[in-house]
Amino acid sequence: MADWFNQVGEACRQHGLRFGYHNHAREFDRVDGTVGVDLLMEHTDPALVLAELDVFWVEQVGFRATDYVKKYAGRCDLIHIKDMTADDRETFAEVGYGRFDIPDLVATAVQWLLVEQDVCERDSMDSVTRSY
């Protein structure tokens with residue numbers, strides 16, 4: 001997969017685009033003792049493949065999102081910023097209304113914050129307003 005991502009990244013670069021990989025929880029499964037997303041980043045060219053981290057899934061599997069954003073700072077220009085409810089459901093919350101340290105995430109100095117909420121428990125426009 002890493003070889004293919006490098007090829008896609010090169011094709012994107014030839015057309016003035018950049019290729020980023022967006023994670024979910026499964027990329028944090030371990031493969032021979034190493035976290036899958038780390039293997040992917042280790043075996044792809046940083047000039048061709050960006051880490052498009054989704055902070056919800058990083059945190060949902062037990063890692064600190066800010067640690068991962070900092071780990072891939074040179075290749076993490078944007079993050080999908082979400083929040084997680086503070087209850088046992090651990091579902092999607094509007095940004096700033098859950099358990100994540102949003103100011104800490106914003107301070108990681110990425111270029112773009114993409115607010116994303118997979119599921120809204122209220123009217124979607126109300127969720128957008130709250131996250132904004």
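On a predicted model such as this, the values are computed, not experimentally measured, just so you know.
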NZ/NE/NH1/NH2 to OD/OE distance under 4.0 Å, Glu94 and Arg122:
yes
Do Leu48 and Arg18 pass the side-chain contact (heavy atoms from CB on, under 4.5 Å) test, and can you show the C-alpha distance, the side-chain angles, and the key distance before you say yes or no?
CA-CA 7 Å; Leu48 301 175; Arg18 299 174 73 199; over 6 Å; no
Where [X] and [Y] come nearest, the two heavy atoms and their spacing:
{"X": "Val110", "Y": "Leu113", "value": "CG2-CD2, 3.6 Å"}
{"X": "Thr66", "Y": "Leu105", "value": "CG2-CD2, 3.5 Å"}
{"X": "Phe19", "Y": "Gly9", "value": "CB-CA, 3.8 Å"}

Which residue pairs pass the ring-ring contact (aromatic ring centres under 6.0 Å, His included) test with at least one member in residues 25-48, sequence neighbours excluded?
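Pairs touching residues 25-48 that pass the test: Phe28-Phe63, Phe28-Tyr68.
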With under 30° as parallel and over 60° as perpendicular, where do the rings of Phe92 and Trp57 fit, or are they tilted in between?
perpendicular
At what distance, to the nearest 0.5 angstrom, does [atom1] of [X] lie from [atom2] of [Y]?
{"X": "Leu114", "Y": "Leu53", "atom1": "CG", "atom2": "CG", "result": "11.5 Å"}
{"X": "Thr108", "Y": "Ile81", "atom1": "OG1", "atom2": "CD1", "result": "7.5 Å"}
{"X": "Met41", "Y": "Leu50", "atom1": "CE", "atom2": "CG", "result": "8.5 Å"}
{"X": "Glu90", "Y": "Met84", "atom1": "CD", "atom2": "CE", "result": "5.0 Å"}
{"X": "Gln111", "Y": "Leu78", "atom1": "CD", "atom2": "CG", "result": "8.5 Å"}
{"X": "Gln117", "Y": "Ser124", "atom1": "CD", "atom2": "OG", "result": "9.5 Å"}

Would you check if the side chain of [X] reaches a backbone N or O of [Y] as a donor-acceptor pair within less than 3.5 Å?
{"X": "Glu27", "Y": "His24", "value": "yes"}
{"X": "Ser131", "Y": "Val128", "value": "no"}
{"X": "Asp83", "Y": "Gly98", "value": "yes"}
{"X": "Glu59", "Y": "Ala65", "value": "yes"}
{"X": "Ser127", "Y": "Cys120", "value": "no"}

Return the set of residues passing side chain to side chain donor-acceptor pair (under 3.5 Å) with [X] (not counting sequence neighbours), or none when no residue passes.
{"X": "Arg30", "value": "none"}
{"X": "Arg26", "value": "none"}
{"X": "Glu52", "value": "His80"}

Hydrophobic clustering (ILVMFWY, side-chain heavy atoms < 4.5 Å, transitive) - are [Y] and [X] grouped together?
{"X": "Val61", "Y": "Leu39", "answer": "no"}
{"X": "Val95", "Y": "Met125", "answer": "no"}
{"X": "Val8", "Y": "Leu17", "answer": "no"}
{"X": "Tyr72", "Y": "Val31", "answer": "no"}
{"X": "Tyr21", "Y": "Trp112", "answer": "no"}

Does a side chain donor of either Asp32 or Thr34 reach within less than 3.5 Å of an acceptor in the other side chain?
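No donor-acceptor contact under 3.5 Å links the two side chains.
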Pairwise salt bridge (charged side-chain N to carboxylate O under 4.0 Å, His left out) hits with a residue in residues 103-120, at least two apart:
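For residues 103-120: Arg64-Asp104, Lys82-Glu116, Lys82-Asp118.
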Scan for salt bridge (charged side-chain N to carboxylate O under 4.0 Å, His left out) pairs involving residues 37-46, sequence neighbours excluded, and state none if there are none.
Asp38-Lys71
Quick one: is the NZ or CZ of Arg130 closer than 6.0 Å to the six-membered ring centre of Tyr97, and within 45° of its axis?
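Ring-cation test returns yes.
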